[in-house]
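First comes the structure, then the notes that go with it.
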Amino acid sequence: MAVILDGKMLSKKIKDNLKIEVQNLKTKGINPKLAVIMVGNNPSSSVYVRNKSKACKYIGVDFEEYLLDENIKEEELFDVIDKLNVDDSVSGILLQSPIPNSLDINKAFERIDAKKDVDGFNPINVGKLSIGIDSFISCTPLGIMKIFEEYKIDIEGKKAVILGRSNIVGKPMVQCLLSKNATVTICHSKTRDIQNITKEADIIISAIGKPKFVTEDMVKEGAIVIDVGINRLDNGSLVGDVDFENVEKKASYITPVPGGVGPMTVACLMENLVKSAKN
Ligand code: NAP
């Protein structure tokens, strides 16, 4: 049976440390604040934003939400971003994705001041990560690296396979693993024979968004399995991409859903926010 990598416990530990750091910052007159922009009314996004607001409250920082109409024009969205960019009371700006297709999300991320880009999606931060300069790192990959650190999982020289090549998870994950000397393969919807690739992996990180995609026969005995997926089933329950019950028997370490990567993403957002306020 695998060791369960407890992201919920670790995220609490990180937030408890941040709480103390925030108190110290406040004595120096620094009051961190997160501004979140949401365009349109996406129910999943509302849940994510609520979790972020709760985390802000927990560590004692201010939270401000900007709810914009789904028919907003690009220039109007940019106006909101520009105002937040120059507002000294705002330490971090987050644009909740997805946004309507009429808007170009990459242009919007680029518009956010890289120094306030606590999600790490501005091309400046993406580029810095890829060449190893200190930057804001996308919160989900950062959270996964912290799990490895906490459980003293040495990744140097290991074969890591990432499923999914999104800009927010898969691609920054490659850079994080490479920086710790893993050998990285990334798979996507056009990859052939995924099963033969994952079977060779010491570490599998799945960020696809399909329940039970990663089955027991895709996993090598003793592999480390990280499940990023968040999928809502018809019965309302939340599951990841991994067939947990069966894969758990074969893996050496595994993250649960919920309670694995999800809470770590939020904790790392808080860490990026405090870092931004200190800068
Ligand atoms: P995304 O942008 O939709 O990307 C999904 C990726 O999976 C794409 O690269 C896609 O390939 C690949 N893919 C889809 N079907 C595949 C298949 N049959 N075989 C191989 N690859 C396949 O998703 P995302 O935003 O990265 O999110 C992925 C999942 O993680 C979702 O469930 C999301 O809710 C969850 N998530 C969780 C957290 C967290 O904190 N736990 C954070 C972010 C996301 P192509 O590129 O070829 O289309």
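Atoms within each ligand, like the ligands themselves, are counted from 1 in listed order.
Remark: side-chain polar atoms of D193 are not paired, donor with acceptor, to backbone N or O of N196 under 3.5 angstrom. In this structure, N122 contributes its side chain and D117 its backbone to no donor-acceptor pair below 3.5 Å. Side-chain atoms of D113 do not come within 3.5 Å of backbone N or O of V86 as any donor-acceptor pair. Proximity of a side-chain donor or acceptor of N85 to a complementary backbone N or O of R111 within less than 3.5 Å is detected. A donor-acceptor pair is defined here as one N or O able to donate and one able to accept, closer than 3.5 Å; no such pair exists between the side chain of S237 and the backbone of L233. At least one donor-acceptor pair closer than 3.5 Å links the side chain of N231 to the backbone N or O of G240. Side chain of K116 to main chain of I112: no donor-acceptor pair is present (N/O by atom type, distance under 3.5 Å, no hydrogens or angles). Using modelled atom types, no side-chain atom of T140 and backbone atom of T265 make a donor-acceptor pair closer than 3.5 Å.
Listed by atom number, the atoms of ligand 1 under 4.0 Å from I194 heavy atoms are 19 (N), 20 (C). For ligand 1, the atoms sitting less than 4.0 Å from at least one non-hydrogen atom of T265 are 39 (C), 40 (O), numbered in the order shown with element in parentheses. Ligand-side atoms of ligand 1 in range of F213: 17 (C), 18 (N), 19 (N), range being under 4.0 angstrom from any heavy atom. Taking every heavy atom of I168 and a limit of under 4.0 angstrom, the matching atoms of ligand 1 come to 25 (O). Below 4.0 Å from some heavy atom of G164 lie the following atoms of ligand 1, by number and element: 6 (C), 7 (O), 9 (O). Each of the atoms 14 (C), 15 (N) of ligand 1 lies under 4.0 Å from some heavy atom of K210. Interface of G262 with ligand 1, defined as ligand atoms under 4.0 Å from a residue heavy atom, comprises 40 (O), 41 (N).
With M264, H188, M173, R232 as candidates, the residue nearest to atom 21 (N) of ligand 1 on a non-hydrogen basis is H188. Residue I230 holds the heavy atom nearest to atom 34 (O) of ligand 1 of all those in I208, D227, I230, N231. The residue from S189, C187, S166 that puts a heavy atom closest to atom 45 (P) of ligand 1 is S189.
Taking CD1 of I224 as the reference point, atom CD1 of I153 lies at 5.0 Å (rounded to 0.5 Å).
D16 has a carboxylate O that lies under 4.0 Å from a charged side-chain N of K12, or vice versa, which qualifies the two as a salt bridge.
Using a 4.0 angstrom heavy-atom cutoff, G229 counts as in contact with ligand 1. In this structure, G170 falls outside the shell of residues with a heavy atom less than 4.0 angstrom from ligand 1. Ligand 1 lies nowhere less than 4.0 angstrom from a heavy atom belonging to L163. T191 does not count as a contact of ligand 1, since none of its heavy atoms falls under 4.0 Å from the ligand.
The protein heavy-atom contact nearest to atom 8 (C) of ligand 1 is R165 N, 4.0 Å. Looking from atom 27 (O) of ligand 1 to the surrounding protein, the closest heavy atom is A207 O, 4.5 Å. Looking only at protein heavy atoms, the nearest one to atom 43 (C) of ligand 1 is V169 CG2, 3.8 Å. Nearest protein heavy-atom contact of atom 31 (C) of ligand 1 is G209 CA, 3.7 Å. Looking only at heavy atoms of the protein, atom 42 (C) of ligand 1 is closest to T140 OG1, 3.3 Å.
Inside a 4.0 Å radius of atom 24 (P) of ligand 1 there is at least one protein heavy atom. Put simply, atom 47 (O) of ligand 1 has protein non-hydrogen atoms near it, under 4.0 Å away.
Taking hydrophobic clusters as Ile, Leu, Val, Met, Phe, Trp and Tyr residues chained together by side-chain heavy-atom distances below 4.5 Å, I72 shares a cluster with I93.
For ligand 1, the polar-atom distance check finds an N/O of V228 within less than 3.5 Å of one of the ligand's N/O atoms. Considering backbone and side-chain atoms alike, D241 places every N or O at 3.5 Å or more from each N or O of ligand 1. Checked by distance only, ligand 1 and K190 stay at 3.5 Å or farther apart across all their nitrogen or oxygen atoms.
In this structure, K57 forms no cation-pi arrangement with F63, as its terminal cationic atom is not both closer than 6.0 Å to the ring centre and no more than 45° off the ring axis.
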Side chains of residues 250-257: which donor-acceptor pairs under 3.5 Å do they make with residues two or more places apart or in other chains?
| from | atom 1 | to | atom 2 | distance (Å) |
| --- | --- | --- | --- | --- |
| K250 | NZ | E216 | O | 3.1 |
| K250 | NZ | V219 | O | 3.0 |
| S252 | OG | G222 | O | 2.7 |
| S252 | OG | A223 | O | 3.4 |
| T255 | OG1 | D227 | N | 2.8 |

Show every donor-acceptor pair shorter than 3.5 Å between a side-chain atom in residues 268-279 and any protein atom, with sequence neighbours excluded, or say none if there are none.
| from | atom 1 | to | atom 2 | distance (Å) |
| --- | --- | --- | --- | --- |
| E271 | OE1 | K146 | NZ | 2.8 |
| N272 | ND2 | V118 | O | 2.8 |
| N272 | ND2 | I137 | O | 3.2 |
| K275 | NZ | D134 | OD1 | 3.0 |
| K275 | NZ | S135 | O | 2.9 |
| S276 | OG | S91 | O | 2.5 |
| S276 | OG | K115 | O | 3.2 |
| K278 | NZ | E21 | OE2 | 2.4 |

